[in-house]
Amino acid sequence: MKYEEEVISSKEVYRGKVIRVEEEEVRLPNGEQARREIVRHHGAVAIICLTAENKMIFVEQWREPMQRVTLEIPAGKIEANETDPKKTAIRELNEEVRLQSESLELLADFYTSPGFADERMLMYFAHDLQPVSKKLPQDADEFLNTVELTLAEAKEKINAGLICDSKTIMAVWKWELLELRRS
């Protein structure tokens, strides 16, 4: 069966600092027409940071869409002028948790919400963390606090709903798998 949809028309209905929204009219595989609302996003990176004491570093911050505080792994959007996601990860590590890494290992390349958005996220594992020598400016509209948790504590935060976004839950599960392989 053919699944591909044919775009009949497309119009931009919103353009902001972080996203664009497009409305498309498409022809479905059965010949019928449908409307699609698509959020366009330049992409993002996320970084798993484990300390020498085997604790994961999280960022505590307010998330306005959910109207609450969350704990998340360091992450950020790829700017329009950035072509190397690894360099974006290095920048975000500096800005959000003031760390640098000897090496970044790509763990996953995935789409966050393919039902309505094209945001692609690359998740890295940061090895050999060290404090940065030169701090980059933090985003003026971000207020962050870093938190270090053990695996058991991170799992408790998931159960309590404080860790509630997919990238961070995925990171904790990956950490748990690494721990299981070691034992």
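Keep in mind the model is a prediction, meaning the values are calculated, not measured.
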Pair [X] + [Y], salt bridge at N-O below 4.0 Å:
X      : Y     : result
Glu24  : Arg40 : yes
Asp139 : Lys77 : no
Asp84  : Lys86 : no

**Item:** Residue pair Glu72, Lys167: steps toward the salt bridge (Lys or Arg N to Asp or Glu O under 4.0 Å) verdict
**Value:** CA-CA 8 Å; Glu72 301 174 34; Lys167 73 180 179 308; 2.7 Å; yes
**Message:** For a quick test of reading the model, state the closest non-hydrogen atom pair linking His42 to Glu82 and the distance between them.
**Reply:** CE1-O, 4.1 Å
**Request:** Using the side-chain contact (heavy atoms from CB on, under 4.5 Å) rule, pick out the option among Val59, Leu136, Thr146, Ile47 that qualifies with Glu96.
**Result:** Val59
**Message:** Checking side-chain contact (heavy atoms from CB on, under 4.5 Å) between Met56 and each of Leu149, Ile163, Leu50, which is the one that passes?
**Reply:** Leu50
Side-chain heavy atoms of [X] within contact of [Y], under 4.5 Å:
X      : Y      : answer
Pro74  : Glu92  : no
Thr168 : Leu71  : no
Tyr124 : Thr88  : no
Phe125 : His127 : yes
Asp141 : Lys17  : yes
Leu107 : Glu105 : yes
Cys164 : Arg63  : no
Val39  : Glu119 : no

**Complete:** NZ (Lys2) and CG (Asn30) are apart, to the nearest 0.5 Å, by 10.5 Å
**Request:** Indicate if Trp175 and Phe110 have the same hydrophobic cluster label, given that clusters are the connected sets of ILVMFWY residues with side-chain heavy-atom separations under 4.5 angstrom.
**Result:** yes
**Request:** Not counting sequence neighbours, which residues clear side-chain contact (heavy atoms from CB on, under 4.5 Å) with Lys55? List them please.
**Result:** Thr51, Glu148, Thr150
**Request:** Identify, with sequence neighbours excluded, every residue that meets side-chain contact (heavy atoms from CB on, under 4.5 Å) alongside Glu25.
**Result:** Ile8, Ser9, Gln33, Arg35
**Message:** As a quick check of understanding, evaluate side chain to side chain contact (heavy atoms under 4.5 Å, CB included) for Glu176 and Lys155, giving each step before the final call.
**Reply:** CA-CA 9 Å; Glu176 185 172 31; Lys155 289 169 67 176; 2.6 Å; yes
**Request:** Begin with the C-alpha distance, continue with both residues' side-chain angles, and end with the deciding distance and a verdict on side chain to side chain contact (heavy atoms under 4.5 Å, CB included) for His41 and Asp118.
**Result:** CA-CA 6 Å; His41 187 279; Asp118 69 354; 4.1 Å; yes
**Prompt:** Is a side-chain donor or acceptor of Asn94 paired with a backbone partner of Gln100 at a separation under 3.5 angstrom?
**Reply:** no
**Asked** When you look at CZ of Arg20, are more than 12 heavy atoms from neighbouring residues, nucleotides or ligands closer to it than 6.0 Å?
**Response** yes
